[in-house]
Amino acid sequence: MDKFIIEGGRELNGVVEISGAKNAALPLLAATLLTTEPCTLRNVPDLRDIRTMTALLGELGAQVERSGTEVRCHTQNESLSEAPYDLVRQMRASFCVLGPLLARRGKARVSLPGGCVIGLRPIDLHIKGLRALGAEIKIEHGYILAETKGLRGADIYLGGAFGSTVTGTANVLMAAVLAEGITTIENAACEPEIADLAAFLNAMGAKISGAGTPTLVIEGVKSLGGCDYEVVPDRIEAGTFILAALMTRGDIAIKGARLGHLRAMVDKLAEIGAHVCEDDGLVRVRRGERLAATDATTLPYPGFPTDLQAQLMAALSLADGISVVTEKIYPDRFMHVAELNRMGAQIRKEGPTAIIMGQSELSGAQVMASDLRASAALVLAGLVAKGSTEILRVYHIDRGYDGIEKKLRALGAVIERVKE
Ligand code: EPU
């Protein structure tokens with residue numbers, strides 16, 4: 001398992017380009033199963049999760065070819081309908097093939113995703129939505145068995161105890177595009193990745209309106225065709241680099257970030273004394289000498305994203321005063337707290353809330369990456385800590401950040417990947 005060694009305290013300068021969004025590209029790749037015509041996706045990040053999804057598409061009869069950031073998918077054999085445990089356990093987003101398989105092949109056998117280090121992640125809303133469209137679903141031997149003689153449009157309320165669901169909305173949307181009649185999804189996820197999926201499906205010939213709002217209206221069509229589509233830039237990668245710029249105080253220009261997708265974060269940073277601005281397509285961060293403490297709560301989009309909670313916490317570890325961060329999407333997503341504390345942060349967890357007492361500095365230490373975003377928080381902390389930080393198990397970060405150490409090194413960071 002590879003590890004990162006980071007020498008902290010370097011000023012970062014230069015331009016960094018944001019890759020395509022992992023969480024947009026994954027459902028888009030699954031959606032290519034909705035047609036037997038070839039689809040070309042551009043701006044696809046080169047990530048472990050993307051390779052897992054393309055391997056799964058291969059198992060499901062698609063021919064997939066990558067050339068640079070372009071991925072061409074061509075579904076040729078529609079007789080297969082099983083997503084095996086081996087692939088789904090590596091990445092929950094594999095579950096996104098359920099909707100397309102059901103819509104196109106009338107049946108699917110998809111492994112249940114199982115546990116996850118960031119907490120319980122149920123799939124009841126996926127099932128509720130697909131059942132409403134006329135799928136018969138049962139769970140047997142760790143697998144979801146879904147079947148239909150033909151999906152029909154329905155009015156579906158897709159909210160649960162924690163609000164909307166991103167991949168649940170994706171699954172139901174991908175099934176509804178080929179259902180007979182009109183489907184309305186209320187409390188649909190509003191995340192830019194869902195809007196991107198809707199735009200992609202429309203480019204394939206679907207009829208979806210309301211993308212980016214809580215109400216999606218889908219007029220079912222008989223079939224979809226191939227298309228050429230560019231994946232939206234990754235707002236979480238952009239947010240991570242904005243926080244890197246903020247914490248290291250250098251002059252980083254971030255290319256390809258869409259600030260419109262990061263309003264909650266930009267607003268939060270203004271509260272702590274950092275101004276994020278965009279000039280000629282480049283995003284920059286200006287800040288005063290000290291950062292102020294703040295309170296932040298993660299919420300579904302357009303609220304503050306849970307996928308930036310750990311990275312924000314790394315930044316608030318160095319703010320003046322006491323900050324309070326509450327996690328409302330995954331109440332157990334705090335594995336990074338103990339690791340940040342090993343680096344000198346003072347964070348106390350109380351239920352789904354972390355209380356962060358800002359410190360004047362962090363110190364390098366050996367730490368363990370537990371999940372994707374927790375790893376990113378440790379990298380940020382390592383960049384500003386005194387001395388050397390060793391982050392073990394960085395395979396987590398390879399799931400979601402395309403060449404993060406290369407991008408940071410190009411900005412002047414001293415970060416090395418050691419293969420073990
Ligand atoms: N939920 C239910 N029932 C369901 C589905 C979800 O109660 O059937 C709950 C979840 O337990 C959670 C909340 O609803 O409390 C939101 O979960 P959601 O379904 O939206 O999460 P997801 O679709 O599994 C995606 C991203 C995550 C991101 C979340 C929240 C992808 C592939 N994954 O997951 O990304 O944290 O939305 O924004 O899009 C990451 O990239 O690091 C990551 C974990």
Side-chain angles (χ1 to χ4, degrees), residues 19-31 45 47-50 52-53 56 88 90-99 112-132 137 139 144 156-174 185 187-197 214 231-232 234-240 261 264 298-311 326-333 335-336 352 369-377 396-402:
S19 300
K22 163 181 88 79
N23 290 347
L26 290 170
L28 259 57
L29 286 164
L47 303 169
R48 200 156 66 91
D49 276 8
I50 298 289
T52 306
M53 181 58 94
L56 178 55
V88 182
Q90 287 176 41
M91 182 189 68
R92 295 180 58 87
S94 311
F95 204 65
C96 284
V97 298
L98 178 59
L112 285 166
C116 171
V117 73
I118 66 178
L120 270 183
R121 297 178 71 183
I123 41 113
D124 55 308
L125 296 171
H126 301 236
I127 295 178
K128 175 185 171 187
L130 296 173
R131 276 196 178 133
I137 299 184
I139 295 174
I144 291 245
I156 304 167
Y157 180 80
L158 213 54
F162 294 93
S164 52
T165 162
V166 177
T167 49
T169 302
N171 251 331
V172 179
L173 178 61
M174 289 188 281
I185 307 177
N187 209 357
C190 301
E191 271 70 5
E193 294 75 23
I194 292 297
D196 210 41
L197 173 63
V231 180
V232 69
D234 195 314
R235 65 194 165 102
I236 306 301
E237 188 195 15
T240 304
H261 291 167
T298 64
L299 289 168
Y301 189 84
F304 193 91
T306 174
D307 292 343
L308 284 170
Q309 179 257 104
Q311 303 89 312
T326 302
E327 177 55 66
K328 290 254 180 155
I329 309 288
Y330 300 117
D332 296 321
R333 194 178 208 179
M335 299 289 280
H336 43 285
S370 57
D371 73 86
L372 169 56
R373 308 303 171 186
S375 325
H396 288 291
I397 213 163
D398 296 332
R399 294 187 51 187
Y401 288 88
D402 190 345

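As the structure lists them, so they are numbered: ligands from 1, and atoms in each ligand from 1.
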Supply the atom-to-atom distance D196 CG to E191 CD, rounded to the nearest 0.5 angstrom.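 The CD atom of E191 is 12.5 Å from CG of D196, to the nearest 0.5 Å.
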Is E193 salt-bridged to R235, cutoff N-O under 4.0 Å? yes
Identify, for atom 23 (O) of ligand 1, the protein heavy atom at the shortest distance, and state residue, atom and that distance. T167 OG1, 2.6 Å
Just which atoms of ligand 1 are under 4.0 Å from any heavy atom in [X]?
X    : value
S164 : 14 (O), 16 (C), 20 (O)
V166 : 18 (P), 19 (O), 20 (O), 23 (O), 25 (C), 37 (O)
H126 : 8 (O)
F162 : 13 (C), 14 (O), 15 (O)

I'd like to know whether ligand 1 has [X] as a neighbour, heavy-atom separation below 4.0 Å.
X    : answer
G400 : no
A93  : yes
K22  : yes

Within the supplied structure, the quantity of interest is the number of heavy atoms (other residues, nucleotides, ligands) at a distance under 6.0 Å from K128 NZ; does it exceed 12?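 Buried by this count: over 12 neighbours within 6.0 Å.
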side-chain contact (heavy atoms from CB on, under 4.5 Å) assessment of Y401 paired with R373: CA-CA 9 Å; Y401 288 88; R373 308 303 171 186; 3.2 Å; yes
